[in-house]
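Proteins come first, then strands; the chains are lettered A, B, ... in the order of their sequence lines, and each starts at number 1.
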2 protein chains.
Amino acid sequence: MSASLATASTAAAWPMPQAGRMAPPSDDLNLVGPTVTFSRDQEIHGEGEPAEHVYKVVRGAVRAFRILADGRRQISDFYLPGDTFGLEAGLTYRTSAEALIDTQVIVVRRGSLTDGALEDSDLARRLWRLAVGDLQRSQDHVLMLGRRSAAERVASFLMDLAERMKAGSRLELPMSRQDIADYLGLTIETVSRTLTQFQESGLIEVPACRSIRLPDMRALAELCE
Amino acid sequence: MSASLATASTAAAWPMPQAGRMAPPSDDLNLVGPTVTFSRDQEIHGEGEPAEHVYKVVRGAVRAFRILADGRRQISDFYLPGDTFGLEAGLTYRTSAEALIDTQVIVVRRGSLTDGALEDSDLARRLWRLAVGDLQRSQDHVLMLGRRSAAERVASFLMDLAERMKAGSRLELPMSRQDIADYLGLTIETVSRTLTQFQESGLIEVPACRSIRLPDMRALAELCE
DNA sequence: CGGCCCGTTGAAGCTAATCAATGGCCGTGG
DNA sequence: CCACGGCCATTGATTAGCTTCAACGGGCCG
């Protein structure tokens, strides 16, 4: 199973039509606000900065990460079009966020959300779902990292991304091999070698670095456990 | 840093006096309901079962986990006295929960919480904090599992537990080595060997399997990165 | 056309897993 | 009270898989 497949087909404490990451419109914040464009590798917000804004991806993709003391980078999540990020419990951002590619986001002041939630229980409900959705994704990430082989991790990653990008069997990766490695807790070499093995086994086709075809998603899914 | 130390000293979207896992009373659900006692290894709820109850640990300790297809077990969290668990977004529990030792919990029907949250924005606020607290813990768990050595993982685990149990430098472990291994994504042998190394380095003392002294928490903290 | 960055490939080393056996604690029963 | 048995933890030896170090290649942009 892929990480996000594991969370599919659940409903909400407040009724939720679908618990997958890609929330249906009715389950989503109808954020209104200015759209801002960030170019490749540009910082959207930094770890420790005051968490004044909430963002929703319109176009492009984003990585959220932390830098450890020795320089290693752990990517905690990728955000794709339709995803909301930057909604913190605390006063500050707990991760940094950067655009993976040229990315357009809607920017909303946090206060407008939290103030509204005090009055509007429907808004509060949506905020709750966002937080819980992130929690489920993070727990699935834990399952992915704990005692799983490189092949299992990469297969889970590809299946998850294919589902989230609704791209069918043709994946256009917005992130580099290094990004994938830092998300999966592997080295770039191991990611590269694993993809090569998948290719040799006929599990995937890689016409270009950032373009991957998944001709046999069933076999790939079995690798995910 | 320990996993939970990393989350300390933040405040809330709604003002939150302290964001650590061990919520202060004002930040906690004042759950009222019958208390139930579970004996060692007894199941409290199972993965996939209808999520009808929410639990709060009074005494003892609990593990939440999933069994993977090949039999491996990933523990996603431990719950200690004061912790609330079982609050799901979906209709079903996403993990199984078992008592680590003889454990007393308060049991509340979920409906009484979610119904109340529609009326009572203060209750909704507390539920939000619970969900976000779990999220932060899960994200810290990801940081712990991604590309960290066995020594780093074990050191982080000990520091985290010491803080959560408010036990100072004397830790009484409620869980077995196998539980620790399944939480850290290691084998029981590696956990054991790492503890022995720590002992030989004078970092810890282990008068009994389940009893660990931390005479040099500063040195231990440095191992956590 | 040239340089640079990213990805791939190769070889060697190391960490943790695996396989296997011993040791110690605890509960039970003699 | 002591002896036995079972379970959990520890320790040892070997193996496997991933990382590390290093070099090469290929695509993209100037």
Side-chain angles (χ1 to χ4, degrees), chain A residues 39-41 63 68 70-74 100-102 144-158 171-201 204-212 223, chain B residues 39-41 63 68 70-74 98 100-102 144-158 171-201 204-212 223 225:
Chain A
S39 53
R40 188 169 179 273
D41 291 331
R63 62 176 160 249
L68 304 183
D70 64 350
R72 284 176 296 188
R73 180 181 69 165
Q74 178 66 49
L100 285 165
I101 52 181
D102 290 358
M144 166 133 70
L145 294 179
R147 295 258 278 122
R148 294 179 93 95
S149 69
E152 289 173 335
R153 295 183 198 202
V154 173
S156 296
F157 174 77
L158 291 176
L171 259 183
E172 293 301 319
L173 303 181
M175 70 287 288
S176 70
R177 295 291 186 270
Q178 187 66 62
D179 289 316
I180 298 173
D182 289 347
Y183 179 75
L184 296 179
L186 299 171
T187 60
I188 183 176
E189 294 96 331
T190 299
V191 171
S192 181
R193 274 186 257 265
T194 303
L195 288 174
T196 301
Q197 284 170 7
F198 284 179
Q199 219 173 337
E200 288 166 352
S201 318
I204 65 173
E205 294 162 22
V206 187
C209 269
R210 301 245 176 160
S211 180
I212 297 187
L223 262 186
Chain B
S39 53
R40 188 167 178 273
D41 290 333
R63 63 175 160 249
L68 305 183
D70 63 349
R72 283 176 298 188
R73 181 181 70 166
Q74 177 67 48
E98 292 175 352
L100 285 165
I101 52 180
D102 291 357
M144 165 133 71
L145 294 179
R147 295 257 277 122
R148 294 181 94 95
S149 70
E152 289 172 337
R153 296 183 197 202
V154 173
S156 296
F157 174 78
L158 291 176
L171 259 183
E172 294 299 320
L173 303 181
M175 69 287 288
S176 70
R177 297 289 186 273
Q178 186 65 61
D179 289 317
I180 298 172
D182 289 347
Y183 180 76
L184 297 179
L186 300 171
T187 60
I188 183 174
E189 294 96 330
T190 299
V191 171
S192 182
R193 274 186 255 266
T194 304
L195 288 174
T196 301
Q197 284 170 8
F198 284 180
Q199 218 174 338
E200 288 166 351
S201 318
I204 66 173
E205 295 163 22
V206 187
C209 268
R210 301 248 175 156
S211 181
I212 297 186
L223 262 186
E225 289 275 32

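- Here the rule is side chain to side chain contact (heavy atoms under 4.5 Å, CB included) with A:Val191, and of A:Thr194, A:Ile188, A:Leu195 only A:Leu195 fits it.
- Residues B:Asp102 and B:Arg40 are not paired through a salt bridge, judged by the lack of any N-O separation under 4.0 Å between the basic side chain and the carboxylate.
- Mapping B:Arg40 and A:Glu189 onto DNA chain D by nearest heavy atom places B:Arg40 closer to the 5' end of the strand.
- Distance B:Asp182 CG to C:dA17 C1': 14 Å, rounded to the nearest Å.
- Note on B:Ser192: a side-chain N or O is less than 4.0 Å away from OP1 or OP2 of D:dT10.
- Going from atom CZ of A:Arg193 over to atom P of C:dA11 covers 11 Å, rounded to whole Å.
- Rounded to whole Å, the distance from CD1 on B:Ile188 to C1' on D:dT10 is 9 Å.
- Using a 4.0 Å heavy-atom criterion, one finds that B:Arg147 contacts the sugar-phosphate atoms exclusively.
- Side-chain atoms of B:Arg210 do not come within 3.5 Å of backbone N or O of B:Glu172 as any donor-acceptor pair.
- Phosphate contact (OP1/OP2 of C:dT15, side-chain N/O of B:Thr190, threshold under 4.0 Å): absent.
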Let's go through B:Glu225 and A:Asp70 carefully: what are the C-alpha distance in whole Å and the side-chain angles of both, what is the deciding distance for side-chain contact (heavy atoms from CB on, under 4.5 Å) to 0.1 Å, and is it a yes or a no? CA-CA 7 Å; B:Glu225 289 275 32; A:Asp70 64 350; 3.0 Å; yes

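- Using a 4.0 Å cut-off between charged nitrogen and carboxylate oxygen, B:Glu152 and A:Arg72 count as a salt-bridge pair.
- Between the C1' atom of D:dT10 and the CD1 atom of B:Ile204 lies a distance of 13 Å, rounded to the nearest Å.
- Here C:dT15 presents its P atom at 14 Å from CZ of B:Arg153, a figure rounded to the nearest Å.
- Side-chain N/O atoms of B:Arg177 include one lying less than 4.0 angstrom from OP1 or OP2 on D:dT10.
- Between the CZ atom of A:Arg210 and the P atom of C:dC6 there is a distance of 9 Å, rounded to whole Å.
- A residue-by-residue look at B:Val191 and A:Thr187 shows that B:Val191 has its nearest nucleotide of DNA chain D further toward the 5' end.
- Separating the CZ atom of A:Arg72 from the P atom of D:dT20 is a distance of 9 Å, rounded to the nearest angstrom.
- Taking 4.0 angstrom as the limit, B:Arg148 places none of its side-chain polar atoms (N or O) nearer than this to OP1 or OP2 of C:dT15.
- Atom CZ in A:Phe198 sits about 13 Å away from atom P in C:dT8, given to the nearest Å.
- Using a 4.0 Å heavy-atom distance criterion, B:Leu186 is classed as a sugar-phosphate-only contact.
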